[in-house]
Amino acid sequence: MTTYAVIDFETTGLSPGCGARPTEIAVVLVSNGTITDRYQSLMNPEVYIPSDIQALTGITNEMVRNAPSVGGIMKQAARFVGNHPIVAHNAAFDKKFWDAELQRIQLHRQQTFTCSLLLSRRIFPDAPNHKLGTLVHTLRLPNTGRSHRALADAESTAYLLLRLKQELMHRFRLTDVSHELLLAIQGKSRNQLETCVSNYRDAKK
DNA sequence: TGCCAGGCCCTCTTTAGGGCCTT
């Protein structure tokens, strides 16, 4: 049974290439259909948090002024994640920050990223949209607290991952959904879900 | 004070443009 590390960053902007840094990270471990452990911390990005992002996340410059350094928190987070596959909603975003901050402390990612946004587009194509908050509401996932805070969003993404796996098991009568199958679905285009699952089944026979 | 990106994916496409999604 694969253990997944579901992560979520709050940051000062959209791209580390433009100087944005993380202000908060949460990691939620998911195993055997449930959340088994959690890690969360604010960190001092050492750059100004724009007012619109302070309003969005509720994380202010005052809150992070005396928070631990990004490097120290990233070391702890990387240790907590270990070699588990990482999952995030719109993983391209979190992957940029994860890789950029690990590089600053001379660490390198070992594992793949799985994207719950891409999986949701393939598995729930008729959802009103594929924002995390909309999917939580549409799929009636548990309320995890204030959205746009790292732990609440990481937990929501964890429940979404479990719901996506559950939907695949139900729709295709599978006894389990492997990480390998999730990666295969993620790598295919939107209209190839049935073909992808069918090919995976045939390969396993 | 507070600027900023980029991969995915659809379509009136593929010699491109633009919306979605993350903060």
Side-chain angles (χ1 to χ4, degrees), chain A residues 4-28 40-65 67 70 73-74 77 86-104 109 112-139 141 144-161 163-164 182-196:
Chain A
Y4 294 91
V6 182
I7 74 167
D8 188 75
F9 278 112
E10 304 305 321
T11 69
T12 64
L14 292 173
S15 175
C18 291
R21 302 286 310 275
T23 56
E24 186 179 42
I25 187 171
V27 185
V28 171
Q40 176 274 334
S41 182
L42 288 170
M43 45 191 146
N44 184 346
E46 298 179 331
V47 295
Y48 184 85
I49 307 172
S51 57
D52 58 331
I53 294 179
Q54 291 186 61
L56 177 74
T57 64
I59 299 171
T60 65
N61 289 293
E62 180 64 28
M63 286 166 68
V64 298
R65 184 164 298 140
V70 175
I73 295 302
M74 287 301 299
I86 298 177
V87 179
H89 198 68
N90 196 14
F93 174 84
D94 294 274
K95 186 162 72 174
K96 280 189 301 187
F97 282 93
W98 183 262
D99 289 349
E101 294 301 339
L102 285 194
Q103 191 171 22
R104 281 172 175 263
R109 172 168 57 89
T112 58
F113 264 79
T114 302
C115 180
S116 59
L117 168 63
L118 293 181
L119 291 171
S120 298
R121 282 176 174 163
R122 287 145 178 68
I123 296 167
F124 295 114
D126 297 328
N129 61 57
H130 296 86
K131 293 177 183 176
L132 182 59
T134 301
L135 292 167
V136 166
H137 178 74
T138 304
L139 300 173
L141 302 178
T144 59
R146 188 196 196 285
S147 61
H148 295 296
R149 284 300 299 264
L151 185 58
D153 282 359
E155 287 189 3
S156 289
T157 303
Y159 288 122
L160 175 59
L161 171 68
R163 183 71 180 81
L164 289 165
L182 291 181
L183 288 176
I185 292 170
Q186 177 177 290
K188 295 287 183 183
S189 63
R190 265 187 211 199
N191 57 359
Q192 291 181 298
L193 176 61
E194 281 75 13
T195 307
C196 184

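Every chain is numbered from 1 and lettered A, B, ... according to where its sequence line falls, protein lines coming before strand lines.
Here the nucleotide nearest the side chain of Arg122(A), chosen from dC9(B), dC21(B), dA5(B), is dC9(B). The side chain of Pro50(A) lies closest to dG2(B), out of dC21(B), dG2(B), dC9(B). The side chain of Ala92(A) has dG7(B) as its nearest neighbour among dG7(B), dT23(B), dC21(B). Out of dA5(B), dT23(B), dC21(B), the shortest distance to the side chain of Cys18(A) is found at dA5(B). Closest to the side chain of Ile53(A), from the set dC9(B), dC21(B), dT23(B), is dT23(B). Nearest to the side-chain atoms of Ser51(A) among the listed nucleotides dC21(B), dG2(B), dA5(B) stands dG2(B).
Rounded to an integer number of Å, the gap from His148(A) NE2 to dT22(B) P is 7 Å. The interatomic distance linking Tyr48(A) (OH) with dT1(B) (P) rounds to 5 Å, in whole Å. Going from atom CG of Asp99(A) over to atom C1' of dA5(B) covers 15 Å, rounded to whole Å. With rounding to whole Å, Leu118(A) atom CG is found 12 Å from dT22(B) atom P. Counting to the nearest Å, the C1' atom of dT23(B) and the CD atom of Glu101(A) are 14 Å from each other. Going from atom CG of Leu119(A) over to atom P of dC9(B) covers 10 Å, rounded to whole Å. Between Phe113(A) atom CZ and dC8(B) atom P there is a gap of 14 Å when expressed in whole angstrom units. Counting to the nearest Å, the P atom of dC8(B) and the CG atom of Asp94(A) are 15 Å from each other.
For the side-chain contact (heavy atoms from CB on, under 4.5 Å) test with Ser156(A), the passing option among Leu161(A), Leu151(A), Val136(A) is Val136(A); the others fail.
Residues Phe9(A) and Met43(A) are in side-chain contact: their nearest non-hydrogen atoms beyond the backbone lie under 4.5 Å apart. Put simply, the side chain of Glu24(A) does not reach to within 4.5 Å of the side chain of Val64(A), judged on heavy atoms. Within the 4.5 Å cutoff, the side chain of Phe93(A) has heavy atoms near those of the Leu14(A) side chain. Contact of the Val70(A) side chain with the Asn44(A) side chain is not registered, since no non-hydrogen atoms from C-beta on lie closer than 4.5 Å.
A gap of 13 Å separates the C1' atoms of dC10(B) and dT14(B), to the nearest Å. For dG2(B) and dC21(B), the P atoms lie 28 Å apart once the distance is rounded to whole Å. dT23(B) sits 14 Å from dC3(B) when the C1' atoms are compared, rounded to a whole Å. dG19(B) and dC12(B) are spaced 14 Å apart, taking the P atom of each and rounding to whole Å. Distance check on atom C1': dT13(B) versus dC8(B) gives 15 Å, rounded to whole Å. dC9(B) and dC4(B) have their C1' atoms separated by 24 Å, with the value rounded to a whole Å.
Residue-level contact check: Asn61(A) touches neither bases nor backbone, having no heavy atom under 4.0 Å from any strand. Across all strands, Thr57(A) comes closer than 4.0 Å only to sugar-phosphate atoms, never to a base (heavy-atom distances). If you check every strand for non-hydrogen atoms under 4.0 Å, Phe9(A) touches sugar and phosphate atoms only.
OP1 and OP2 of dC20(B) both lie 4.0 Å or more from every side-chain N or O belonging to His130(A).
Checked against side-chain hydrogen bond (donor to acceptor under 3.5 Å, both in side chains), Thr11(A) has no partners two or more places apart in sequence or in another chain.
Of all heavy-atom pairs spanning Ser116(A) and His89(A), the tightest one is OG-ND1, 2.7 Å. Shown here for Leu119(A) and Ile185(A), the closest heavy-atom pair between the two residues is CD2-CG2, 3.8 Å.
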Enumerate the protein-to-nucleotides 10-14 of chain B contacts in which both atoms are nitrogen or oxygen and the separation is below 3.5 Å.
residue	atom	partner	partner atom	Å
dC10(B)	OP1	Arg190(A)	NE	3.0

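Taking for each of Glu10(A) and Ala20(A) the nucleotide of DNA chain B with the nearest heavy atom, the 5'-most of the two is the partner of Ala20(A).
Between Trp98(A) and Phe113(A), the angle of the ring planes goes over 60°, which puts this pair in the perpendicular group of the 30/60° scheme.
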